[in-house]
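Comments concern the structure below.
Both counts, for ligands and for their atoms, begin at 1 and track the order of listing.
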Amino acid sequence: MRKKLIAANWKMHLVPGEARALVSALIADLGRETFTDREVLVAPAAILIPEVKDALRGSSIILGAQNMFYEEKGAFTGEISPTMLLAYDVYHVIVGHSERRHIFGESDELIGRKVRAAIDHKMTPIVCVGETQQEHDSGRALEVVLRQMEGALGSLTDDEAGGIVMAYEPVWAIGTGRTATPEQAESMQGAIRGAFNERFGRAAAQIVRILYGGSVNADNVDSLLSKPDIDGALVGTASLGADSFARIVRARAAK
Ligand code: PGA
């Protein structure tokens, strides 16, 4: 049984006081419940990590990062290393988000190096893949996702691959309010698990968690999580409100 993961990607939002208030409200809302079948993670902007780490003290909510570079240290202006994240007990990092790919030009090769660095540092990468609207319309979605997977995961052993988290995020669904239907998401996520099976074996395919992301909200999360290959959600917009994110965390999931 795979544990669900409900992950908040706060992107470039919130200043420290706002982040603290959001965490306090989440803890107040969710703190009364214990979830044994799911984990909850928040990924703030890097500069907020110390503040959010402090605000999360005593809570089971996991602290994650939105990005990192693959080198340990050096002349890499503006970048953050795995060691820097580990110094704040950050063991989960989103890698290859479509905004990194499309706005900042990250290549499959760069993303592969970041995934490798995360694994080498005993971190869990949350590896994002997903096709653009144009790729979707021209029937190339699967081909694109498989190429992105090979670029990101090409260096991994079977054991390493089983321990990562994948996130299928169709670019046309991110921040647009146009969620993939549960059937569309399940079809791609089943294909991703199938590709894991072929490339890394049955054990890895059975344990790897595959999230869906792209306009997940309190109204659509239950139907998405009712699908067998959807192991959780990566949530942007709806993670910025304590009420909506807490509702998403409580989503009913497939048994
Ligand atoms: P969204 O973002 O929920 O606002 O669509 C999701 C993401 O980019 O991870």
Side-chain angles (χ1 to χ4, degrees), residues 4-14 18-19 22 26 38-46 48-49 52 61-68 90 92-106 111 114-115 118 124-136 141 144-145 148-149 152 164-182 184-186 188-189 192 209-225 227 229-251:
K4 299 276 184 258
L5 174 63
I6 310 293
N9 174 8
W10 289 351
K11 307 193 180 183
M12 198 175 74
H13 291 285
L14 309 176
E18 293 168 337
L22 178 51
L26 275 178
R38 65 197 64 193
E39 295 174 328
V40 183
L41 175 147
V42 293
L48 299 174
I49 283 174
V52 174
I61 298 174
I62 299 166
L63 177 59
Q66 297 176 12
N67 182 32
M68 70 175 193
V90 173
H92 292 73
V93 60
I94 299 171
V95 178
H97 189 277
S98 78
E99 286 143 23
R100 300 297 322 167
R101 292 176 188 266
H102 297 293
I103 304 174
F104 301 100
E106 292 197 3
I111 292 161
K114 292 182 176 197
V115 171
T124 303
I126 300 171
V127 181
C128 302
V129 294
E131 80 284 4
T132 63
Q133 178 78 64
Q134 203 192 10
E135 290 159 345
H136 181 77
V144 168
V145 165
Q148 291 172 339
M149 280 178 68
I164 72 162
V165 176
M166 291 295 299
Y168 171 55
E169 296 206 306
V171 180
W172 47 268
I174 295 179
T176 59
R178 268 187 65 208
T179 326
T181 64
Q184 278 175 319
E186 173 64 14
M188 183 62 87
Q189 305 204 186
I192 291 173
R209 291 185 289 179
I210 309 175
L211 315 184
Y212 168 78
S215 297
V216 174
N217 60 38
D219 296 325
N220 59 31
V221 68
D222 289 329
S223 52
L224 286 161
L225 264 63
K227 295 294 183 193
D229 287 307
I230 303 186
D231 301 315
L234 181 54
V235 188
T237 314
S239 73
L240 294 169
D243 289 351
S244 55
F245 189 61
R247 169 67 190 81
I248 291 169
V249 168
R250 292 199 185 89

Legend entry - Short side-chain to backbone donor-acceptor contact, Arg101 and Gly96, under 3.5 Å: yes

Inset, instruction - Decide yes or no on side chain to side chain contact (heavy atoms under 4.5 Å, CB included) for Tyr168 and Glu131, but give the supporting numbers first. - result: CA-CA 9 Å; Tyr168 171 55; Glu131 80 284 4; 2.9 Å; yes

Inset, instruction - Please write down residue, atom name and distance for the protein heavy atom closest to atom 7 (C) of ligand 1. - result: Glu169 OE2, 3.2 Å

Legend entry - Where ligand 1 meets Thr237 - atom numbers and elements under 4.0 angstrom, heavy-atom basis: 1 (P), 3 (O), 4 (O)

Inset, instruction - Take Met166 and Val129, measure what side chain to side chain contact (heavy atoms under 4.5 Å, CB included) needs, and give me the verdict at the end. - result: CA-CA 8 Å; Met166 291 295 299; Val129 294; 3.9 Å; yes

Legend entry - Heteroatom proximity flag, His97 to ligand 1, N/O under 3.5 Å: yes

Inset, instruction - Look at atom 3 (O) of ligand 1 and say which protein heavy atom is nearest, naming residue and atom and giving the distance to 0.1 Å. - result: Gly236 N, 2.8 Å

Legend entry - Side chain, backbone, both or neither: Ala173 near ligand 1, heavy atoms under 4.0 Å: backbone

Inset, instruction - List every atom of ligand 1 that sits less than 4.0 Å from any heavy atom of Gly214, numbering the atoms from 1 in the order shown and giving each element. - result: 5 (O)

Inset, instruction - Output yes when Asp222 and Arg247 qualify as a salt bridge under the 4.0 Å nitrogen-oxygen rule, no when they do not. - result: yes

Legend entry - Proximity flag Ser215 to ligand 1, non-hydrogen atoms under 4.0 Å: yes

Legend entry - Shortest non-hydrogen separation from Thr179 to Gly214 and the atoms involved: CG2-O, 3.4 Å

Inset, instruction - Show your reasoning for whether side chain to side chain contact (heavy atoms under 4.5 Å, CB included) applies to Ile174 and His97. - result: CA-CA 10 Å; Ile174 295 179; His97 189 277; 4.3 Å; yes

Legend entry - Nearest heavy-atom neighbours spanning Ile248 and Ala218: CG1-N, 3.8 Å

Legend entry - Per-atom contacts, ligand 1 versus Asn9 - under 4.0 Å to a heavy atom: 9 (O)

Inset, instruction - May I ask you to check whether Gly175 has an N/O atom sitting below 3.5 Å from an N/O atom of ligand 1? - result: yes

Legend entry - Nearest-neighbour protein heavy atom for atom 2 (O) of ligand 1, which is reported as residue plus atom name and distance: Lys11 NZ, 3.3 Å

